2 protein chains.
Amino acid sequence: MATLRLQINEKLFLRDPQETVLGRKIIQSSIKMIDELGLEGFTFKKLSAEIQSTEASIYRYFESKHKLLIYLMAWYWNWLEYQIDFATNNIKDPQERLAIAMKMITEVNVNDDYFPDIDETALQRIVIYESDKAYLTKHVDDDNKDGSFLGYKSLCEKVASFIKEINPNYDYAHALTSTCLEASHQQIFFSRHLPRLTEHQYKEGKVHEDNYNFLMDMILKTIDA
Amino acid sequence: MATLRLQINEKLFLRDPQETVLGRKIIQSSIKMIDELGLEGFTFKKLSAEIQSTEASIYRYFESKHKLLIYLMAWYWNWLEYQIDFATNNIKDPQERLAIAMKMITEVNVNDDYFPDIDETALQRIVIYESDKAYLTKHVDDDNKDGSFLGYKSLCEKVASFIKEINPNYDYAHALTSTCLEASHQQIFFSRHLPRLTEHQYKEGKVHEDNYNFLMDMILKTIDA
DNA sequence: CGAATTTAATAGTATTACTATCAATAATGC
DNA sequence: GCATTATTGATAGTAATACTATTAAATTCG
């Protein structure tokens, strides 16, 4: 089977981690470790020990821990948009396309054999816990100029375009989409850690199903589909 | 005029900052500095220099920077719920109560003379940039056990109860409320820094108005009001 | 008033997030 | 095949952060 490679914006790294053995180890192990330790507990020192390399070597790939996070999040949004493109290909009805997109956004990821280096399931957990930290900073405008959030914006644009096709008169397609994208991970977090903030039940795929039903219902009613 | 004091859960501080001059200075200056520097740029060392005290003294009030953030957020959510209680008092119609609550949640805060030590306008900006970081941690369950998020949950419960009154058959009142509470600050952030994620225009109160219209419309349609 | 307790100031530690330097090794070009 | 260049590794170092321990000063209370 073919393996694929997502083209990631060059400004997000110093050396392309997809091009070398060390680079791929950095990506692989950082996903595993951020998932386990959380972004705050994760350091380049610990990572370098894990992959039997040195801090200095890792810094040759990524300017900082924050840039590595941005890279991982960019990878994820690019991957998710690609999944949606793939799954909605040849589907004519925009409402069906929207349903497929929301399904992929809300469902728990299975590991994608096309990208053997990446544990998509772990990466999705990182998205839930850490993705907002990628932009909630004082230097968000600088990061944005470097194209750090292009993948997220592009995904938002895609889903918003489905909504616009269904109802061209709805005025808040992007706001509604970004609200749902954020909710798609927030509600998972709440159901697990702050259950009084949601009805969704955290267990075996149930949250994801609840979340799909909740969000699809909200979107369709809101846009008068 | 009377000045008020919000009773904050004792587990959120080591010494009550509202009881001493130093404590009030810590609160006052930390709001100002977190607003200016961001949570990452803010340190107890800088704060101690600003208020002409020492790091050790500040640590006697708050166990950590993170606990201080939790305290400020708890204060904000308590204050906001109190504002909503005040404003919805004697209003019978639940739909009107919901509208008032959403207005207060989305509008830009003016400084409340009842609490002279707190700059509510600055605190609201901190909520926009930093509030999610209060719970997006690996130790969220421990913080939750200490009651760190009671204010947020209580506010969510209140708004959800208005929704339930309007339509007792809607199944996701809490999920919808928490989604809107989060969106109420996310959309402000997006309109300013990542404008491709929203239609809202960042200027002079316009975002807040847009956001109110967007969210109220979404809620009412979603719950079939 | 004097003992007990609280509060403040000083100094110190472990860790983090990097940076710099230089040697060793591997890949590439002629 | 050998020189050039790029890449990695090893070591060390720095400034700042997040806290802690110790001691000194002030305050409270019986």
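We use all heavy atoms of the structure for the numbers below, so side chains are in, but hydrogens, waters and symmetry mates are not. Each chain gets a letter, A, B and so on, in the order the sequences are listed, and its residues count up from 1. Everything numeric in this text was worked out from a predicted model, so none of it was measured.
Here the P atom of nucleotide C/dT6 and the OH atom of B/Y61 are 13 Å apart, to the nearest Å. For the pair B/R15 CZ and D/dT27 P, the interatomic distance rounds to 14 Å; values are reported in whole Å. Between the C1' atom of D/dG9 and the CD atom of A/Q52 lies a distance of 13 Å, rounded to the nearest Å. Atom CD of A/E19 and atom C1' of C/dA26 are 16 Å apart (whole Å). One can place NE2 of B/H139 at 13 Å from P of D/dA18, the figure rounded to the nearest angstrom. At whole-Å resolution of the value, CG in A/L14 and C1' in D/dT7 are 14 Å apart. B/K67 places its NZ atom 15 Å from the C1' atom of D/dC19, with the value rounded to the nearest Å. Rounded to whole Å, atom P of C/dT7 lies 12 Å from atom CG of B/D16.
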TODO: I would like to know whether B/E199 and A/H174 meet side chain to side chain donor-acceptor pair (under 3.5 Å); could you show each step before the answer?
DONE: CA-CA 6 Å; B/E199 282 76 16; A/H174 292 82; 2.7 Å; yes
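Side-chain atoms of B/E81 and B/S154 form a donor-acceptor pair, as typed in the model, at a separation below 3.5 Å. If you check the side chains of A/S131 and A/Y152, you find no donor sitting under 3.5 Å from an acceptor. Side-chain N/O atoms of A/D112 and A/Y82 include no donor and acceptor closer than 3.5 Å. Donor-acceptor pairing under 3.5 Å is lacking for the side chains of B/T179 and A/Q186.
Within 4.0 Å of A/F62, counting heavy atoms only, lies no atom of the nucleic acid at all. When heavy atoms are screened at a 4.0 angstrom cut-off, A/S57 is found touching base atoms of the nucleic acid.
A sub-4.0 Å separation between OP1 or OP2 of D/dA10 and a side-chain N or O of A/T54 is absent.
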TODO: Determine, for nucleotides 16-22 of chain C in 5'-to-3' order, which nucleotides have protein heavy atoms under 4.0 Å from the base (write B), from only the sugar-phosphate (write S), or from neither (write -).
DONE: SBBBB--
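A/L69 CG to A/F62 CZ: the interatomic distance, rounded to the nearest 0.5 Å, is 10.5 Å.
For the pair A/K65 and A/F44, the cation-pi criterion (under 6.0 Å, within 45° of the ring axis) is not fulfilled. Geometrically, A/K138 engages B/Y129 in a cation-pi contact, judged by NZ or CZ lying under 6.0 Å from the ring centre and within 45° of the ring axis. Taking the ring axis of A/F190 as reference, the NZ or CZ atom of B/K153 does not stay both within 45° of it and closer than 6.0 Å to the ring centre.
The bend of the helix from C/dC1-D/dG30 to C/dC30-D/dG1, defined by the angle between the axes of its first five and last five pairs, stands at 10° to the nearest 10°.
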